[in-house]
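Below, chains carry the letters A, B, ... as their sequence lines are ordered, and counting in each starts from 1.
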Number of protein chains: 2
Amino acid sequence: MPARSTRHVTILEVAREARASKTSVSRYFGDERERLSRELQGRIASAAKRLGYRPNQMARSLKGGHSRLIGMLVADIRNPFSVAVMHGVEQACRASGYSLLACNTDNDPAQESAHLSVLASYRVEGLVINATGSPHGALQAVIDRGTPLVLLDREVDRVDADVVGLDNPRAIDMALEHLAERGYRELLYITEPPEEASSRQRRMARFQTRLDDFGLTGESLCLPLTGGTGIPHDAIAAFLNRPGAAPKALLCANGKITLAVTRTLQALGVRLGETGLMGIDELDWCELVAPGITTLAQPTEAIGRAAVECLMQRRETQRHPSPPRHIHYQPVLIPRGSTQR
Amino acid sequence: MPARSTRHVTILEVAREARASKTSVSRYFGDERERLSRELQGRIASAAKRLGYRPNQMARSLKGGHSRLIGMLVADIRNPFSVAVMHGVEQACRASGYSLLACNTDNDPAQESAHLSVLASYRVEGLVINATGSPHGALQAVIDRGTPLVLLDREVDRVDADVVGLDNPRAIDMALEHLAERGYRELLYITEPPEEASSRQRRMARFQTRLDDFGLTGESLCLPLTGGTGIPHDAIAAFLNRPGAAPKALLCANGKITLAVTRTLQALGVRLGETGLMGIDELDWCELVAPGITTLAQPTEAIGRAAVECLMQRRETQRHPSPPRHIHYQPVLIPRGSTQR
DNA sequence: TTGTAAGCGTTATCAA
DNA sequence: TTGATAACGCTTACAA
């Protein structure tokens with residue numbers, strides 16, 4: 001049992017209790033135990049334990065400039081994809097002795113700026129950012145200040161930082177290949193507003209570009225899901241009811257779209273498979289909605305870990321800055337009944 | 001544009017630039033602007049802006065003891081319920097000027113202790129804890145140290161802290177009432193290991209106690225979902241195949257169980273509705289799995305906000321500690337086809 | 001191997 | 001209304 005139960009124990013109290021100097025105690029809890037005699041180590045260890053001592057990170061940070069904190073900005077914490085990546089980030093941080101200060105921006109640039117400012121005030125040593133769309137200068141300011149920064153999934157104009165995410169062109173190619181192979185000919189690509197995220201732009205552009213190569217025709221539909229406003233059933237119904245015998249399929253740009261579209265298709269009484277349905281992002285329930293929804297899974301944990309690795313690398317080589325790295329992961333195709341005619 | 005792009009600006013530099021003292025600048029950024037002349041305020045404001053000054057929270061915390069940090073321990077960050085609560089917690093924290101240091105324990109007591117210790121080292125001013133099962137003394141130690149603490153969903157033996165969560169007995173009563181009303185007679189209650197969480201115990205105990213009152217029979221099944229090991233289809237199949245004409249229904253103790261059980265039922269080719277299915281926790285996909293899965297939704301955001309309110313209240317009345325509060329929220333029944341015979 | 005002393009950037013106490 | 005100055009708890013030269 002610790003002797004004193006209220007308030008925090010300081011290094012000085014431990015030093016007194018162990019009949020040693022603050023310096024020695026500091027060395028013990030820093031990485032310099034080997035410099036202390038066995039005996040002194042023992043005294044300090046037991047004194048610290050007796051008193052229940054934990055070094056004050058705030059003081060450490062103030063003196064040494066090492067907050068041991070990594071900041072993360074998540075655009076939408078209720079998106080399972082974001083959470084999965086965040087899980088990877090947190091694991092990796094902890095493995096490197098860092099704690100994660102994660103903030104949710106709800107896709108709101110104002111919250112993004114506010115959080116960025118808070119994170120700076122805690123002197124985070126690195127930032128992992130799943131940015132909202134708006135290209136404000138706060139990000140570049142962070143970099144200029146010398147804080148390593150990694151962009152997740154979304155690049156930001158005129159911010160030269162490392163970027164980690166999905167290989168978007170490849171993902172689209174895989175989707176088109178799969179749909180063509182399964183015999184679908186007319187596609188509808190459904191996305192959230194592309195302005196808001198570079199990954200959305202990449203995917204949509206690639207979709208338009210490569211249709212021909214796979215002998216497909218197609219068009220895009222933009223769904224602003226933000227407000228609680230319903231999904232425009234009409235646009236989707238119009239596509240499905242268009243005359244012609246060519247098999248039709250829907251391609252959803254991300255998990256949120258897949259959810260909204262699946263709801264719509266059920267409301268419209270569409271039979272999956274006959275009408276193809278495929279989505280980027282794997283979700284818990286995709287195998288449950290009969291006959292199963294085909295997806296392209298992102299390696300979320302790997303993405304999270306890679307982001308932290310970039311950070312750590314920059315931290316070590318801060319003197320010799322290297323050009324921004326772009327790391328793109330391959331998706332994994334999970335074929336299910338929704339693309340089986 | 002800030003003049004100096006590298007490193008952080010200190011209060012001293014602002015003071016010089018504004019031809020003022022550190023004290024005045026400190027007052028400006030503290031809550032004492034009114035004590036400064038209009039003119040000095042102006043000089044400081046513009047100097048700070050010019051230099052891009054942000055107060056160093058670490059230094060502030062060291063001096064005043066106010067880290068403006070709230071810590072949160074989440075047992076399973078990939079559980080949508082936990083994330084939804086966390087969202088509420090974060091909103092509430094921000095509204096009160098606090099930042100949230102959220103840690104995921106993956107239901108591992110060792111990680112829980114480790115994180116607790118880290119959070120303490122950052123001198124968090126309050127803790128919101130969704131505890132793992134193990135009743136280790138670290139929690140009580142936190143309280144003794146004077147840090148306000150709120151338990152989420154799960155109580156912990158011999159830790160007298162505020163508790164916020166679902167009204168578990170009421171939830172079970174609502175489920176039983178609904179199932180009885182819909183004509184089901186034989187129930188199987190499926191839960192994760194109750195030892196790990198008080199809420200699981202409460203629910204299961206209530207289930208056993210109240211069956212009779214609703215004219216039902218039933219039993220419980222414990223599913224350890226932790227390992228990647230599959231779900232015991234056999235136990236569920238055995239229940240369903242038991243002879244007798246009494247309509248059967250499954251009641252799932254939480255969202256994770258609902259997911260696992262739904263998978264199992266699909267594998268077994270069970271028709272939902274004919275066999276009843278109901279779960280505690282509302283999930284995105286419950287309306288999508290035909291004919292829709294009936295759930296009891298928890299008011300997650302409210303729970304998160306209430307937790308932070310408890311914290312703030314304790315912080316204000318720290319001199320006069322009051323007995324622990326227990327706040328229990330009513331669930332909301334969302335009836336769907338899975339309980340429609 | 002151990003200790004002394006000078007800060008890190010801020011706020012609180014006192015005085016002007 | 002303003003400003004020196006001494007902490008806060010820790011790390012890090014520099015001495016011994």
Would B:F29 and B:Y53 count as a close aromatic pair, with their ring centres under 6.0 Å?
yes
At 4.0 Å (heavy atoms only), tell me whether A:T23 reaches a base, stays on the sugar-phosphate, or touches nothing.
base
Nearest-0.5 Å distance, CZ of residue A:R314 to CD of residue A:E309:
13.5 Å
To the nearest Å, give me how far apart CG (A:D31) and C1' (D:dT12) are.
15 Å
Between B:R35 and A:L12, the residue closer to the 5' end of DNA chain D by nearest nucleotide is B:R35
Value in whole Å for how far the P atom of C:dC8 lies from CD of B:E13:
11 Å
Which heavy-atom pair separates A:M58 from B:S61 by the least distance, and what is that distance?
CG-OG, 3.2 Å
Kindly indicate whether the side chain of B:R27 and the base of C:dT11 share any N or O donor-acceptor pair separated by less than 3.5 Å?
no
Heavy-atom nearest nucleotide on DNA chain D taken for B:R123 and for B:A20; more 5' hit belongs to B:A20
Does a side-chain N or O of A:S21 approach OP1 or OP2 of C:dT2 to a distance below 4.0 Å, or not?
no
Of the candidates C:dT11, D:dC10, C:dT2, the side chain of A:A59 sits closest to D:dC10
d(CG, A:N56; C1', C:dC8) in whole Å
13 Å
For A:Y53, answer base if it contacts any base atom (sugar-phosphate contacts may also be present), sugar-phosphate if it contacts only those atoms, and nothing otherwise; contact means non-hydrogen atoms under 4.0 Å.
sugar-phosphate
Integer-rounded Å distance: C:dG3 C1' and A:E32 CD
14 Å
Remember a base hit wins even if backbone is also touched, and classify B:R60 as base, sugar-phosphate or nothing at under 4.0 Å, heavy atoms.
sugar-phosphate
State which of C:dT2, C:dT10, D:dT12 makes the closest approach to the side chain of A:S26.
D:dT12
Value in whole Å for how far the P atom of C:dT10 lies from OH of A:Y122
14 Å
Candidates B:E196, B:R154, B:E112 - the one meeting side-chain hydrogen bond (donor to acceptor under 3.5 Å, both in side chains) with B:T132
B:E112
Interatomic distance, B:I11 CD1 vs D:dA6 C1' [rounded to whole Å]
15 Å
Given C:dG9, C:dG3, D:dT1, the nucleotide with the shortest approach to the side chain of B:L62:
C:dG9
Among side-chain atoms of B:T23 and B:R27, is any donor-acceptor pair under 3.5 angstrom?
no
So which nucleotide from D:dA13, D:dT5, D:dC10 ends up closest to the side chain of B:K22?
D:dT5
Give the nucleotide from the list C:dG3, C:dT10, D:dT5 with an atom nearest to the side chain of A:L40.
C:dG3
In whole angstrom, give the distance that lies between atom CD of B:Q57 and atom P of C:dT10.
10 Å
So if I take every side-chain heavy atom of B:S37 and compare against D:dG9, D:dT2, C:dT10, which nucleotide ends up nearest?
D:dT2
Is it true that B:S199 and B:D153 share a donor-acceptor pair across their side chains at a distance under 3.5 Å?
yes
Tell me the interatomic distance from B:H66, atom NE2, to C:dA12, atom P, rounded to whole angstroms.
7 Å
